Amino acid sequence: MLGILGPGSAQAVTRQAKVVLEQEWGPRRRDLFVDSPAMGRVTAVRIITPEGWSRTSTRRWPVLYLLHGGAGFYTGWSHNTDIEELSAAHGVIVVMPECGTVGGCTDWLIGPQWE
């Protein structure tokens, strides 16, 4: 259960984030659309999985988070780099969340409650 108190909040957010849509773009790349109570909206996340990864695997994988900048989107690393090929050699899960139109994956005094 997720509990987050934001500035001026009287009570915690108690709903859990939930994947509402998944689009597969090949054997290793997928986009998740997550209903995020903390964000107050559905937000996108691109994930690149390593060879051998499966939903049922008990193996633990290292995770690399790549945040887009400025006027970018969660798809930016895929469109502008060869991140899929680079990550394949290192056996990592790559997570690229949508950080908004100004690329601010932060919680300033008043803003989204990133989870």
Side-chain angles (χ1 to χ4, degrees):
M1 189 68 66
L2 176 66
I4 297 176
L5 288 177
S9 294
Q11 50 186 275
V13 175
T14 56
R15 282 191 315 129
Q16 290 183 331
K18 178 182 175 187
V19 175
V20 294
L21 178 65
E22 180 174 340
Q23 294 177 325
E24 196 166 308
W25 299 102
R28 297 183 49 233
R29 181 174 37 146
R30 60 188 35 87
D31 291 348
L32 305 179
F33 295 87
V34 180
D35 180 8
S36 168
M39 295 294 297
R41 63 182 169 89
V42 173
T43 188
V45 180
R46 175 158 288 174
I47 297 178
I48 299 172
T49 56
E51 294 293 331
W53 176 89
S54 77
R55 294 178 193 275
T56 59
S57 176
T58 58
R59 177 180 171 181
R60 296 177 62 117
W61 302 86
V63 179
L64 173 65
Y65 290 89
L66 296 177
L67 308 179
H68 67 78
F73 298 99
Y74 74 102
T75 58
W77 284 94
S78 295
H79 291 298
N80 299 311
T81 71
D82 57 352
I83 189 60
E84 284 189 63
E85 292 78 21
L86 286 170
S87 65
H90 298 286
V92 298
I93 296 172
V94 180
V95 178
M96 297 165 278
E98 178 56 60
C99 294
T101 55
V102 293
C105 290
T106 59
D107 177 15
W108 296 98
L109 291 177
I110 299 173
Q113 301 295 305
W114 298 95
E115 54 181 314

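Being a predicted model, the structure only gives us computed values, none of them experimental. Along the sequence shown, residues carry numbers from 1.
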Asker: When you group the ILVMFWY residues by side-chain heavy-atom contacts below 4.5 Å and let the links chain together, are I47 and V19 in the same group?
Answerer: yes
Asker: Any side-chain heavy atom of V34 within less than 4.5 Å of one from V42?
Answerer: no
Asker: Nearest 0.5 angstrom please: R29 CZ to S78 OG, how far?
Answerer: 5.0 Å
Asker: With under 30° as parallel and over 60° as perpendicular, where do the rings of H68 and F73 fit, or are they tilted in between?
Answerer: tilted
Asker: Could you identify which residues cluster with W25, counting Ile, Leu, Val, Met, Phe, Trp and Tyr as linked when any side-chain heavy atoms lie under 4.5 Å apart, either directly or through a chain of such contacts?
Answerer: none
Asker: Is any side-chain heavy atom of Q23 less than 4.5 Å from a side-chain heavy atom of R30?
Answerer: no
Asker: Who pairs with E51 by salt bridge (Lys or Arg N to Asp or Glu O under 4.0 Å), at least two apart in sequence or on another chain?
Answerer: none
Asker: State yes or no: do Y74 and V95 share one hydrophobic cluster built from I, L, V, M, F, W and Y residues joined by side-chain heavy-atom distances below 4.5 Å, directly or via other members?
Answerer: no
Asker: List the atom of W61, the atom of P50, and the distance in Å for their closest heavy-atom pair.
Answerer: CE3-CG, 3.2 Å
Asker: Quick one, V63 and V92 - any side-chain contact, counting heavy atoms below 4.5 Å?
Answerer: no
Asker: Report yes if some heavy atom in the side chain of D31 is under 4.5 Å from a heavy atom in the side chain of V45; otherwise report no.
Answerer: no
Asker: So that I can tick it off, tell me whether R41 and D35 are bridged by a salt bridge, with the cut-off set at under 4.0 angstrom between side-chain N and carboxylate O.
Answerer: no
Asker: Where do R28 and S87 land on the side chain to side chain contact (heavy atoms under 4.5 Å, CB included) test, with the steps shown first?
Answerer: CA-CA 10 Å; R28 297 183 49 233; S87 65; 3.0 Å; yes
Asker: Name all residues meeting the salt bridge (Lys or Arg N to Asp or Glu O under 4.0 Å) criterion together with R55; count only those two or more places apart in sequence or in a different chain, and write none if there are none.
Answerer: E22
Asker: Distance from Q16 atom CD to S36 atom OG, nearest 0.5 Å?
Answerer: 12.0 Å
Asker: Report the distance from atom CD1 of I83 to atom CE of M96, rounding to the nearest 0.5 Å.
Answerer: 6.5 Å
Asker: CD of E84 to OG1 of T49: how many Å apart, nearest 0.5 Å?
Answerer: 9.0 Å
Asker: Before giving the answer on side chain to side chain contact (heavy atoms under 4.5 Å, CB included), spell out for F33 and T43 the whole-Å C-alpha distance, their side-chain angles and the decisive distance to 0.1 Å.
Answerer: CA-CA 6 Å; F33 295 87; T43 188; over 6 Å; no
Asker: Walk me through it: do T81 and L86 pass the test side chain to side chain contact (heavy atoms under 4.5 Å, CB included)?
Answerer: CA-CA 9 Å; T81 71; L86 286 170; 5.7 Å; no
Asker: Side-chain contact test, heavy atoms from C-beta onward, threshold under 4.5 Å: evaluate it for L32 versus L21 and give yes or no.
Answerer: no
Asker: Rounded to the nearest 0.5 Å, how far does CD1 of I48 lie from CH2 of W77?
Answerer: 11.0 Å
Asker: For the residue pair I93 and P62, establish whether any side-chain heavy-atom pair is separated by less than 4.5 Å.
Answerer: no
